[in-house]
Undergrad: 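I have a structure I would like to understand better, so I am pasting it below and will then ask my questions one at a time.
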Amino acid sequence: MKKVDHIGIAVKDLTKALPYYIDTLGLTLLGIEEVENQKVKVAFLDAGNVKLELLEPIGEDGAIAKFIEKRGEGIHHIAFGVTDIRSRMLELKEKGVNLLQDEPNLGAGGAEVAFMHPKSSFGVLYELCDKGDKENGHL
Ligand code: CMX
């Protein structure tokens, strides 16, 4: 793992949070999309060497809705940019990391993503994010 692609931040309402990031902090909005299988609406912001992913829950039973209910708004995960995600997952599994899925899911921007359980990563939810040749896409 050589670079952090983005930091995921759970927010209750994108329309309330975005003006803070864009107008107050001066970050550039890269795009907004819904990721239905994760039950979130996300906004990516350019923060220079890393992106910020604001995550608003869709409905009440997704991971982000549950996180906000339990822990409030705030930093939710850190995503490493990787290539060949299946090999990375296999390597991590062999090292005893508890991955939350056997196969990658489809994430924002068409990336393949997989998560490591925070209990096996010292309290941090880490994501592997493989954009393949989509690295230069809108996100
Ligand atoms: N960071 C750190 N710890 C977290 C956490 C997070 N984001 N989310 C949950 N935890 C902690 C919980 O507080 C709990 O700790 P305690 O046992 O000390 O209370 C522990 O992890 C296990 O929690 P749980 O209640 O058993 O499990 P949850 O139902 O809360 O699920 C998790 C947690 C990580 C397994 C689940 O959120 C998940 O599968 N996440 C992966 C998918 C995801 O996060 N999708 C949203 C992002 C999508 C995107 O980026 O596009």
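Counting begins at 1 with the first residue of the sequence. Counting starts at 1 for both ligands and their atoms, in listed order.
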Undergrad: Determine whether more than 12 heavy atoms belonging to other residues, nucleotides or ligands lie under 6.0 Å from atom NZ of K12.
TA: no
Undergrad: Per the side-chain contact (heavy atoms from CB on, under 4.5 Å) rule, which among L30, I22, I7, I9 passes with L45?
TA: I22
Undergrad: If you measure from each non-hydrogen atom of V35 to ligand 1, which part falls under 4.0 Å: side chain, backbone, both or neither?
TA: neither
Undergrad: Evaluating non-hydrogen atoms only, which member of P118, A108, P57 is closest to atom 34 (C) of ligand 1?
TA: P118
Undergrad: Decide salt bridge (Lys or Arg N to Asp or Glu O under 4.0 Å) for D5 and K51; before the verdict, give the C-alpha distance in whole Å, the side-chain angles of both, and the deciding distance to 0.1 Å.
TA: CA-CA 6 Å; D5 179 80; K51 290 183 280 289; 3.4 Å; yes
Undergrad: Give the residue and atom name of whichever protein heavy atom lies nearest to atom 36 (C) of ligand 1, and the separation in Å to one decimal.
TA: A63 CB, 4.4 Å
Undergrad: Under 4.0 Å from a heavy atom of E53: give me the atoms of ligand 1 that qualify, with their elements.
TA: 49 (C), 50 (O), 51 (O)
Undergrad: Which part of H76 is near ligand 1, with near meaning a heavy atom under 4.0 Å away: side chain, backbone, both or neither?
TA: both
Undergrad: Is the shortest distance from a heavy atom of K39 to ligand 1 less than 4.0 Å?
TA: no
Undergrad: If you measure every N/O of K70 against every N/O of ligand 1, is any gap under 3.5 Å?
TA: yes
Undergrad: Quick one: does atom 44 (O) of ligand 1 have a protein heavy atom under 4.0 Å from it?
TA: yes
Undergrad: CD of Q101: more than 12 outside heavy atoms within 6.0 angstrom?
TA: yes
Undergrad: Taking atom CD of E36 as the centre, report whether more than 12 heavy atoms of other residues, nucleotides or ligands fall under 6.0 Å from it.
TA: no
Undergrad: Please report whether ligand 1 has a polar contact with H6, defined as an N or O pair separated by less than 3.5 Å (distance criterion only).
TA: no
Undergrad: Would you say G123 touches ligand 1, if touching means a heavy atom closer than 4.0 Å?
TA: yes
Undergrad: Looking only at non-hydrogen atoms, find the nearest pair between V35 and L106 and report the distance.
TA: CG1-O, 4.0 Å
Undergrad: Just let me know how L55 lines up against ligand 1, side chain, backbone, both or neither, with a heavy-atom cut-off below 4.0 Å.
TA: side chain
Undergrad: After noting the C-alpha distance and the side-chain angles of E53 and H76, does the key distance pass the side chain to side chain donor-acceptor pair (under 3.5 Å) rule?
TA: CA-CA 10 Å; E53 179 190 32; H76 177 259; over 6 Å; no
Undergrad: With heavy atoms of Q38 as the reference, note each atom of ligand 1 found under 4.0 Å away.
TA: 42 (C), 43 (C), 45 (N), 46 (C), 48 (C)
Undergrad: Starting from atom 26 (O) of ligand 1, which protein heavy atom do you reach first, and at what distance in Å?
TA: H117 NE2, 4.8 Å
Undergrad: For atom 40 (N) of ligand 1, what is the nearest protein heavy atom, given as residue, atom name and distance?
TA: L100 CD1, 4.0 Å
Undergrad: Check for a donor-acceptor pair, side chain of R88 on one end and backbone N or O of V82 on the other, with a separation under 3.5 Å.
TA: no
Undergrad: For atom 30 (O) of ligand 1, which candidate among H77, K66, R71 holds the nearest heavy atom?
TA: K66
Undergrad: Identify the two heavy atoms, one from P57 and one from V11, that lie closest to each other, and give their separation to 0.1 Å.
TA: CD-O, 3.2 Å
Undergrad: With ring centroids as reference points, do H77 and Y126 lie under 6.0 angstrom apart?
TA: no
Undergrad: Any protein heavy atom under 4.0 Å from atom 16 (P) of ligand 1?
TA: yes
Undergrad: To which protein heavy atom is atom 20 (C) of ligand 1 closest, and what is the distance rounded to 0.1 Å?
TA: K119 CE, 3.7 Å
